[in-house]
Structure formats: C-alpha cells, structure tokens
Amino acid sequence: MGQVDEVLRLLRDTFGPDLVGAYEHGSAVLGGLKPHSDVDVLAVVRRPTAEAERRALVGGLMPISGGAARPVELTVVVETAVRPWRYPPVCEFQYGEWLRDEYERGMVPAPEPSPDLAPLITMALAGEAPLFGPPPSRVFGAVPHADVVRAITGSVPDLLGELDGDARNVVLTLARVWATAATGEIMPKDAAAAWALPRLPAEHRPVLARARAVYLGEEDERWDDLRARLRPHAEFVAAEIART
C-alpha cells in the first residue's frame with residue numbers, strides 16, 4: 001500500500017462518514033513529485049475534531065512518514081471554517097516531520113488560525129486532484145490573491161528562524177514566496193528557483209543553485225562550503241520580498 005493510500009485509510013478510520021474529501025496539493029499538483037518532495041494531503045471534515053482523533057492521526061502517521069519513505073504533511077480543516085472564506089481560517093490539525101521531536105514527547109496539534117491555508121487551498125483548487133470526495137471546486141471557495149500574498153509574505157520571519165536547521169527547504173521556500181509575490185503564480189520550488197536565479201546578484205546565486213540541484217536529485221545535500229553565504233542570501237531574498 002502506498003503512502004497516500006495509507007493516509008486515506010487513516011482518515012477514513014478516524015472520521016468515517018464525517019470525512020468530506022481529501023486533496024493533493026504542493027509538488028504533486030505543481031509539476032510532480034521530486035526526490036525530496038513531501039506527500040501533501042489536505043483533508044476536509046464536517047465537524048470539529050476531538051483530541052483523541054488528533055492523537056490517533058499522529059500515532060498513525062509517525063510510522064509511515066519520513067525515514068526511508070517520503071515525509072507526509074497532512075492538514076485537516078472543517079468545511080465551514082474555509083467556506084465561506086475568511087482570513088485567517090482555522091486549521092484543525094497539521095502533521096509535518098518538522099514537528100516529529102514534539103510528537104515523540106506527546107504533543108498533539110490543536111486547532112489554531114492558519115494563514116498558510118490560503119496558498120494551500122489555492123494549490124488544491126488549481127490541481128483539481130481529489131483523492132477522495134467531490135472535486136475541490138465544490139468544497140472550497142476561491143481565495144483572494146491578496147490573502148495568498150499576505151499569508152506567504154507573513155511566513156518570512158519564521159522561515160529565517162528555521163534557516164540553520166532546514167537550509168534547503170527554507171532557501172527554496174523563500175524563492176517561491178518571492179516568485180509568487182512578484183508574479184501572482186504559485187510555482188513548483190524548482191521553477192521558482194529558476195525564476196529567481198537570474199534576478200539574484202552573482203554572489204547569492206550559488207546558495208539557491210545548490211538548493212535547487214539537491215531538490216531535483218542532481219547533487220547530494222551539503223552546506224559546509226556555502227554555510228557563510230546562507231544567511232546573507234536569505235536576508236537578501238527577504239528584502240526583495242518586502243519590496244514587492
């Protein structure tokens with residue numbers, strides 16, 4: 001059974017008839033999965049979740065996410081929290097490998113406002129790739145572009161704080177934020193990097209070129225030779241984002 005099938009089975013076992021639908025987003029709908037892509041799933045339920053259900057999701061996801069398999073990112077929303085649209089909507093649950101240490105200590109994600117749902121839902125709508133349930137256009141309303149831009153640019157301070165521990169993902173995500181803010185298009189990470197590279201001064205290009213090559217499986221991941229350039233690169237891109 002593939003990871004997506006296992007995620008769907010976990011969702012059905014947890015929510016039963018209260019599961020409205022499940023939708024791909026991210027790399028799967030923006031040009032296809034790359035060697036380092038996550039499995040990104042957005043699930044919609046009819047009612048708020050219980051803590052026991054959220055705990056069951058964490059327990060079911062930890063064995064199938066990461067390690068030799070792809071990381072899984074699962075986001076759960078209540079249908080009335082995202083339609084009609086308002087900003088920021090509430091996310092009922094989110095699982096991601098960046099929180100594994102906290103899951104292992106017993107943390108269970110709780111519902112909280114999540115601006116990140118703006119670009120996520122936009123990707124799901126663009127992909128029109130239901131894994132279960134009706135087409136996303138019947139479940140989600142359109143997200144105003146201004147809210148997408150507000151959400152992605154608002155994530156920049158947190159991204160800068162994560163640079164030392166997750167260099168490749170942060171560098172590529174900053175490139176995508178810059179590209180989206182400037183063009184209005186949510187691009188795959190490698191395409192956003194290709195857009196950004198010629199717009200960078202020469203001294204900042206090696207960092208993004210390395211991140212893109214690793215993402216595409218063309219190079220092994222290493223940053224020792226570029227470590228001193230990471231922070232200046234990220235701060236330059238953040239400044240460009242602020243100017244868009």
Side-chain angles (χ1 to χ4, degrees), residues 25-38 40 71 73 75 87-88 94 96-99 101 113-123 126 143-244:
H25 62 93
S27 299
V29 300
L30 295 177
L33 294 176
K34 303 300 187 295
H36 291 280
S37 297
D38 292 357
D40 297 311
E73 183 176 324
T75 305
Y87 184 94
Q94 185 168 53
E97 280 300 303
W98 65 90
L99 293 172
D101 289 347
S114 176
D116 286 346
L117 282 168
L120 191 155
I121 290 171
T122 300
M123 286 187 282
V143 178
H145 177 66
D147 285 346
V148 174
V149 172
R150 177 162 49 153
I152 62 172
T153 56
S155 71
V156 169
D158 287 342
L159 285 169
L160 293 175
E162 296 164 7
L163 180 64
D164 292 338
D166 194 10
R168 167 176 43 85
N169 185 56
V170 169
V171 166
L172 291 170
T173 302
L174 284 170
R176 183 154 72 182
V177 171
W178 186 16
T180 300
T183 71
E185 178 183 355
I186 301 178
M187 303 179 189
K189 287 179 177 176
D190 55 313
W195 177 91
L197 276 167
R199 293 167 170 82
L200 288 171
E203 66 267 26
H204 293 309
R205 290 175 192 161
V207 167
L208 183 54
R210 172 73 55 79
R212 184 176 187 271
V214 173
Y215 179 73
L216 292 173
E218 298 171 353
E219 294 184 21
D220 294 332
E221 185 149 23
R222 58 184 290 260
W223 293 104
D224 55 302
D225 58 328
L226 292 174
R227 184 69 59 185
R229 297 193 186 190
L230 277 171
R231 183 67 55 180
H233 167 90
E235 291 178 351
F236 177 86
V237 176
E240 290 299 302
I241 291 167
R243 278 195 283 268
T244 57

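Note that this is a predicted model, so its numbers are computed, not measured.
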Distance-only, no hydrogens or angles: does the [X] side chain make a donor-acceptor pair with backbone N or O of [Y] under 3.5 Å?
{"X": "Arg168", "Y": "Ala211", "result": "no"}
{"X": "Arg210", "Y": "Arg222", "result": "yes"}
{"X": "Arg176", "Y": "Met187", "result": "yes"}

Test side chain to side chain contact (heavy atoms under 4.5 Å, CB included) applied to Trp178 and Arg199, step by step: CA-CA 11 Å; Trp178 186 16; Arg199 293 167 170 82; 3.7 Å; yes
Counting C-beta onward and ignoring hydrogens, is there a side-chain heavy-atom pair between [X] and [Y] closer than 4.5 Å?
{"X": "Asn169", "Y": "Lys189", "answer": "yes"}
{"X": "Leu226", "Y": "His233", "answer": "no"}
{"X": "Tyr87", "Y": "Val143", "answer": "no"}
{"X": "Leu160", "Y": "Leu174", "answer": "yes"}
{"X": "Arg231", "Y": "Asp164", "answer": "yes"}

Charged N-O contact under 4.0 Å between Arg227 and Asp224: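 Answer for the salt bridge query: no.
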List the atom of [X], the atom of [Y], and the distance in Å for their closest heavy-atom pair.
{"X": "Pro115", "Y": "Ala151", "result": "O-CB, 3.1 Å"}
{"X": "Glu203", "Y": "Arg229", "result": "O-NH1, 3.5 Å"}
{"X": "Thr180", "Y": "Ile186", "result": "OG1-CA, 3.6 Å"}
{"X": "Thr153", "Y": "Ala181", "result": "CG2-CB, 4.4 Å"}

Arg205 atom CZ, neighbour heavy-atom count above 12 within 6.0 Å: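 Atom CZ in Arg205 is crowded, with more than 12 foreign heavy atoms closer than 6.0 Å.
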Crowding at CG, Asp220 (>12 non-hydrogen neighbours, <6.0 Å):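 Counting other residues, nucleotides and ligands, CG of Asp220 stays at 12 neighbours or fewer.
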Partner of Leu159 by side chain to side chain contact (heavy atoms under 4.5 Å, CB included), out of Val171, Val170, Asp166, Ile152: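 The residue from Val171, Val170, Asp166, Ile152 that satisfies side chain to side chain contact (heavy atoms under 4.5 Å, CB included) with Leu159 turns out to be Val170.
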Counterpart residues, side chain to side chain donor-acceptor pair (under 3.5 Å), relative to Glu73 (two or more places apart):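 For Glu73 the side chain to side chain donor-acceptor pair (under 3.5 Å) partners, ignoring immediate neighbours, are Gln94.
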Asp147 CG to Arg150 CZ distance, which is reported to the nearest 0.5 Å: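 It comes to 4.5 Å.
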Rounded distance (nearest 0.5 Å) linking atom CG of Asp116 with atom CD1 of Ile121: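 It comes to 11.0 Å.
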Would you mind writing out the side-chain donor-acceptor pairs for residues 236-244 within the sub-3.5 Å range, not counting sequence neighbours?
from	atom 1	to	atom 2	distance (Å)
Glu240	OE2	Arg243	NE	3.4
Glu240	OE2	Arg243	NH2	2.2
Thr244	OG1	Ile241	O	2.6

